[in-house]
Amino acid sequence: MSTQNTNTENAILEAGKKEFLAYGYEKASLRRIAGAASVTTGAIYGYFSGKEALFEALTGAVRDELAELYRQSHQDFAALPPAEQPDALMTITDEYIPWMVDYIYDHFDTFKLLLCCNAPGASERFFDQLARIEEQSCRDLAAAMESIGHPVPKLNDSLIHILCRSFFQQIQEFVSHDVPREEAVACALILARFQHAGWRHILKLDQIK
């Protein structure tokens, strides 16, 4: 791609970001984006098939990277010996929650788009994507405890889903209300510790000797 084409694409992306942040996905106008980028509406279609593709270009890579990093953190936890996992549950919270919140704040405008300015249902699908990772981690932890002879109460799938998804909905509040980074990290740590303490109680992990 030529320098001119790259500059034009970047101008469209920047104008699109500002438009989506100002008006939200549904009310965003390609005409206004074109005007802000000093191109024609038709020129936008030379780079993006439409509003959805433009929004995806602004958010997709960051969204998928966070999901992959989050998945990897849970895979690292699952790789620990089962006997070490109960004690590591609280330790890992203090490690991965700050980096997750920092990642969000390092890409704050992108997550503002994803969580507050997206197409109807899109943020819910993103939450579900992250919740599925968390849900699998909960099931893996239960299986690991059973593998060392610790009896685990049977957990309802709906309960697991609700508990796991609720954390990410709380994270959305930080973004939607422009909570300062330091405050968001501190609050997220408290929320995560609270949630993991709850899982320790539900799975009766304190009874493991």
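Screening Leu54, Leu13, Ile12, Val39 for a side chain to side chain contact (heavy atoms under 4.5 Å, CB included) involving Tyr47 leaves a single residue, Ile12.
The backbone N or O of Ile133 sits nowhere less than 3.5 Å from a side-chain atom of Ser137 that would complete a donor-acceptor pair. In this structure, the side chain of Glu146 does not engage the main chain of Pro151 through any donor-acceptor pair within 3.5 Å. In this structure a side-chain-to-backbone donor-acceptor pair under 3.5 Å is present from His150 to Leu203. A side-chain donor-acceptor contact under 3.5 Å links Arg165 to the backbone of Glu124. No side-chain donor-acceptor contact under 3.5 Å links Gln85 to the backbone of Met145. With Lys51 contributing its side chain and Ala28 its backbone, the two residues share a donor-acceptor pair below 3.5 Å. Here the side chain of Glu19 pairs no donor or acceptor atom with the backbone of Ile33 at under 3.5 angstrom. Side-chain N or O atoms of Glu26 include none that pairs as donor or acceptor with a backbone N or O of Ala119 at under 3.5 Å.
With sequence neighbours excluded, the residues forming a side-chain contact (heavy atoms from CB on, under 4.5 Å) with Arg193 are Met90, Thr93, Asp94, Leu189, listed by chain and number.
Under the 4.5 Å side-chain heavy-atom criterion for ILVMFWY residues, no single connected hydrophobic cluster contains both Ile162 and Phe168. Hydrophobic clustering keeps Leu89 apart from Ile190 (ILVMFWY residues linked when any side-chain heavy atoms are closer than 4.5 Å, directly or through intermediates). Leu21 and Tyr23 are assigned to two separate hydrophobic clusters, defined by single-linkage of ILVMFWY side chains at heavy-atom distances under 4.5 Å.
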Item checked: Trace of the salt bridge (charged side-chain N to carboxylate O under 4.0 Å, His left out) decision for Glu135 with Arg132 -> CA-CA 5 Å; Glu135 289 169 35; Arg132 282 193 295 272; over 6 Å; no

Checklist line | Check against side chain to side chain contact (heavy atoms under 4.5 Å, CB included), Glu9 and Phe48 | finding: CA-CA 9 Å; Glu9 182 179 13; Phe48 306 100; 4.0 Å; yes

Margin query: Before you tell me yes or no, could you show the steps for Asp106 and Arg181 under salt bridge (charged side-chain N to carboxylate O under 4.0 Å, His left out), namely the whole-Å CA-CA distance, both residues' side-chain angles and the distance that decides it to 0.1 Å?
Written below: CA-CA 9 Å; Asp106 287 343; Arg181 181 194 295 249; 2.9 Å; yes

Notebook entry, point to check: For Glu52 and Tyr25, what are the C-alpha separation, side-chain angles and deciding distance, and is it a side chain to side chain donor-acceptor pair (under 3.5 Å)?
Noted result: CA-CA 9 Å; Glu52 182 178 357; Tyr25 180 87; 4.8 Å; no

Check: When you look at Asp140 and Gln136, which way does the side chain to side chain contact (heavy atoms under 4.5 Å, CB included) test go after all the steps?
Finding: CA-CA 6 Å; Asp140 289 344; Gln136 186 58 51; 2.8 Å; yes

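For the pair His161 and Asp128, the minimum side-chain heavy-atom distance is below 4.5 Å. The closest side-chain heavy-atom distance from Leu155 to Trp199 is below 4.5 Å. Residues Leu113 and Asn118 are not in side-chain contact: their nearest non-hydrogen atoms beyond the backbone lie 4.5 Å or more apart.
In Arg31, the CZ atom is not crowded: 12 or fewer heavy atoms of neighbouring residues, nucleotides or ligands sit closer than 6.0 Å. Heavy atoms from other residues, nucleotides or ligands lying under 6.0 Å from CD of Gln72 number more than 12. Phe194 CZ: 12 or fewer foreign heavy atoms inside a 6.0 Å radius.
Contact between Phe55 and Leu114 at its shortest, heavy atoms only, is CZ-N, 4.4 Å. Looking at every heavy atom in both residues, Ile202 comes nearest to Pro153 through O-CG, 3.4 Å.
Using bins of under 30°, 30° to 60° and over 60° for the plane-to-plane angle, the ring pair His107/Phe111 lands in the perpendicular bin. Taking the six-membered ring where the residue is Trp, Tyr70 and His74 present perpendicular rings, their angle passing 60° and hence far from 30°.
Between Asp64 and Arg71 there is no salt bridge, since none of the side-chain N atoms of the basic residue sits less than 4.0 Å from a carboxylate O of the acidic one.
Taking the ring centre of Phe126 as origin, the terminal cationic atom of Arg63 falls outside the region bounded by 6.0 Å and 45° from the ring axis.
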